[in-house]
Amino acid sequence: MTDVACHSDLISSPAADLDALRAVGQEFPCPYLPQRRSRNEAYFVERLEGALYERLLARGFRRSGHVVYRPRCRGCRECRQLRVPVETFVPSRSMRRVARTNADVRMEVDDPAPSDEKYCLFRDYLAFQHDGTMSAEYTAFIEFLYDSPIASREFSYYIGGRLVGVSIADRLPKGLSSVYMYFDPKYARRSLGTLSVLREIEWCRENDMPYYFLGFHVAGSRTMDYKARFRPFEILVADDRWIRTDQ
C-alpha cells in the first residue's frame, strides 16, 4: 500500500511495548483527502497474536502485511477506527436489496491460500478499481494478503463454479478485522463488496463474535464513506474509547 510503503523507519517491537512506538515516517500526499499531507507511525512484526492486535486496534493501529501502523498527521485526526457491533447491526433497505440480488452467491470460508485464479482476479480488480499506486506484481499480492503474521480467514464467493470475489479478515478474540476484498469487475453491479461485509457480519454472529472491524473511516473521503452505512457503528475517538453512533 502506498501509505505504508513510504516508511523508512520501521522498528521491531518483540516485547509488544505499545508505549515504545515512537518512529514516525516522512510525510507524503494523503491517499484519502486532497491537498493534505500524511505520515504514519509504524513497526514491523514477524508474528502477531489476535489479542495483541485487538489492543493495537484500540490504540488506532492497522496492519498491512507485516507492517503495523497508525496515522500521525500534522493537524489532522480524521482517520478513525470503525467497528460494527454485530448484535445491533440492522441492514438498510439497499443492503437487503443487495442480499436478495446475490442470493445465488455461495460463500466458502477457509484458511487463506493463494492461487493463480485468485491472483488473476486481484490483478483485474486493481486495473478496474485503483489508480496504479498499488503493485499488481505476484510478489506484492502474496506479501499484502497471504504472508500474514496473524491467524486470518479467507471468504471466497462463487456464482456457480466461478470465483467472483475474495475477502480476507484477521481473526481476533472478539471478532474479525477486515483486511481487503477484491472481486471480478464483470460483477461490479452486484455490489459484492457490500455483500461480503453483510455475509461476514453474519458469520461473526454465528460464531459468537461481537464485532466486525472495518478499518479506518475518514470523514469526507469518497472511498471511505461506505463504511458509515453499516449502522449502528462505533468510532474510536481516543485510546480504548469507542463511541456508538448511527450518524
Side-chain angles (χ1 to χ4, degrees), residues 1-2 4 50 62-66 84 86 89 91-92 94-172 175-207 209 211-216 223-227 229-230:
M1 298 176 67
T2 55
V4 175
R62 289 281 292 167
R63 82 161 183 91
S64 178
H66 283 261
V84 180
V86 169
F89 167 69
S92 66
S94 64
M95 290 176 187
R96 294 195 296 271
R97 184 165 59 248
V98 168
R100 289 193 300 271
T101 299
N102 291 289
D104 60 335
V105 177
R106 183 178 84 258
M107 182 180 80
E108 294 185 2
V109 186
D110 209 335
D111 294 332
S115 69
D116 291 342
E117 183 182 27
K118 292 172 185 174
Y119 172 60
C120 289
L121 198 68
F122 175 77
R123 188 179 55 194
D124 291 346
Y125 175 77
L126 289 189
F128 168 76
Q129 191 77 6
H130 286 275
D131 58 4
T133 56
M134 287 184 64
S135 173
E137 296 294 326
Y138 185 76
T139 53
F141 167 69
I142 297 297
E143 290 172 359
F144 178 35
L145 297 176
Y146 292 97
D147 182 14
S148 174
I150 189 172
S152 306
R153 303 302 284 161
E154 184 173 57
F155 299 81
S156 299
Y157 296 90
Y158 294 87
I159 297 177
R162 183 187 181 97
L163 179 69
V164 296
V166 179
S167 173
I168 293 180
D170 293 332
R171 183 94 183 240
L172 309 175
L176 289 176
S177 176
S178 177
V179 175
Y180 199 71
M181 198 273 175
Y182 57 98
F183 58 81
D184 189 333
K186 298 184 183 69
Y187 295 87
R189 290 181 178 272
R190 283 190 175 237
S191 300
L192 295 176
T194 297
L195 178 71
S196 72
V197 176
L198 294 174
R199 292 277 184 92
E200 289 155 35
I201 287 175
E202 184 59 31
W203 190 87
C204 286
R205 181 179 288 114
E206 292 170 354
N207 287 272
M209 294 180 165
Y211 296 108
Y212 185 78
F213 294 81
L214 267 168
F216 293 127
T223 58
M224 293 290 183
D225 282 347
Y226 77 93
K227 298 181 182 182
R229 301 202 313 263
F230 296 89

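In what follows, every heavy atom counts, from backbone to side chain, and hydrogens, waters and symmetry copies are set aside.
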Derivation of the side-chain contact (heavy atoms from CB on, under 4.5 Å) call for Met181 and Val197: CA-CA 9 Å; Met181 198 273 175; Val197 176; over 6 Å; no

Test log, rule side-chain contact (heavy atoms from CB on, under 4.5 Å), inputs Arg153 and Asp111: CA-CA 5 Å; Arg153 303 302 284 161; Asp111 294 332; 2.6 Å; yes

Backbone N/O of Pro91 and side chain of Arg96: donor-acceptor pair under 3.5 Å: yes

Of Thr101, Asp184, Asp104, the residue whose pairing with Arg190 passes side chain to side chain donor-acceptor pair (under 3.5 Å): Asp104

Working for side-chain contact (heavy atoms from CB on, under 4.5 Å), residues Leu192 and Tyr157: CA-CA 9 Å; Leu192 295 176; Tyr157 296 90; 5.7 Å; no

4.5 Å side-chain heavy-atom contact, Phe89 and Leu198: yes

Heavy-atom check, side chain of Glu154 versus side chain of Ile168, under 4.5 Å: yes

Phe144 and Ser135, any side-chain heavy atoms less than 4.5 Å apart: no

Pair Gln129, Tyr182: side-chain N/O donor-acceptor within cut-off below 3.5 Å: no

Donor-acceptor under 3.5 Å (His66 side chain, Glu143 main chain): no

For Asp170, the option from Ser152, Ser177, Ser178 that meets side chain to side chain donor-acceptor pair (under 3.5 Å): Ser152

Arg97 versus Ser191, side-chain donor and acceptor atoms under 3.5 Å: no

4.5 Å side-chain heavy-atom contact, Ile159 and Tyr187: yes

Exercise: do Thr194 and Arg229 side chains pair donor with acceptor under 3.5 Å: yes

Val179 side chain reached by Arg63 side chain, heavy atoms, under 4.5 Å: yes

Sidechain-backbone polar pair: Arg205 side chain, Val86 backbone, donor-acceptor under 3.5 Å: yes

Parallel, tilted or perpendicular, as decided by the 30° and 60° cut-offs, for the rings of Phe122 and Phe141: tilted

Residues Arg199, Ser196; criterion side-chain contact (heavy atoms from CB on, under 4.5 Å); working and verdict: CA-CA 5 Å; Arg199 292 277 184 92; Ser196 72; 5.8 Å; no

Shortest non-hydrogen contact between Pro185 and Asp124, atoms and distance: CG-O, 3.5 Å

Side-chain heavy-atom pair Tyr146, Tyr119 within 4.5 angstrom cut-off: no

Short side-chain to backbone donor-acceptor contact, Lys186 and Val164, under 3.5 Å: no

Ser156 vs Leu163 side-chain heavy atoms within contact, under 4.5 Å: yes

Separation of Met95 CE from Arg100 CZ (nearest 0.5 Å): 13.5 Å

Distance in Å, Asp110 CG paired with Phe155 CZ, rounded so as to fall on 0.5 Å steps: 10.5 Å

CG-CG distance between Asp116 and Leu121, expressed to the nearest 0.5 angstrom: 12.5 Å

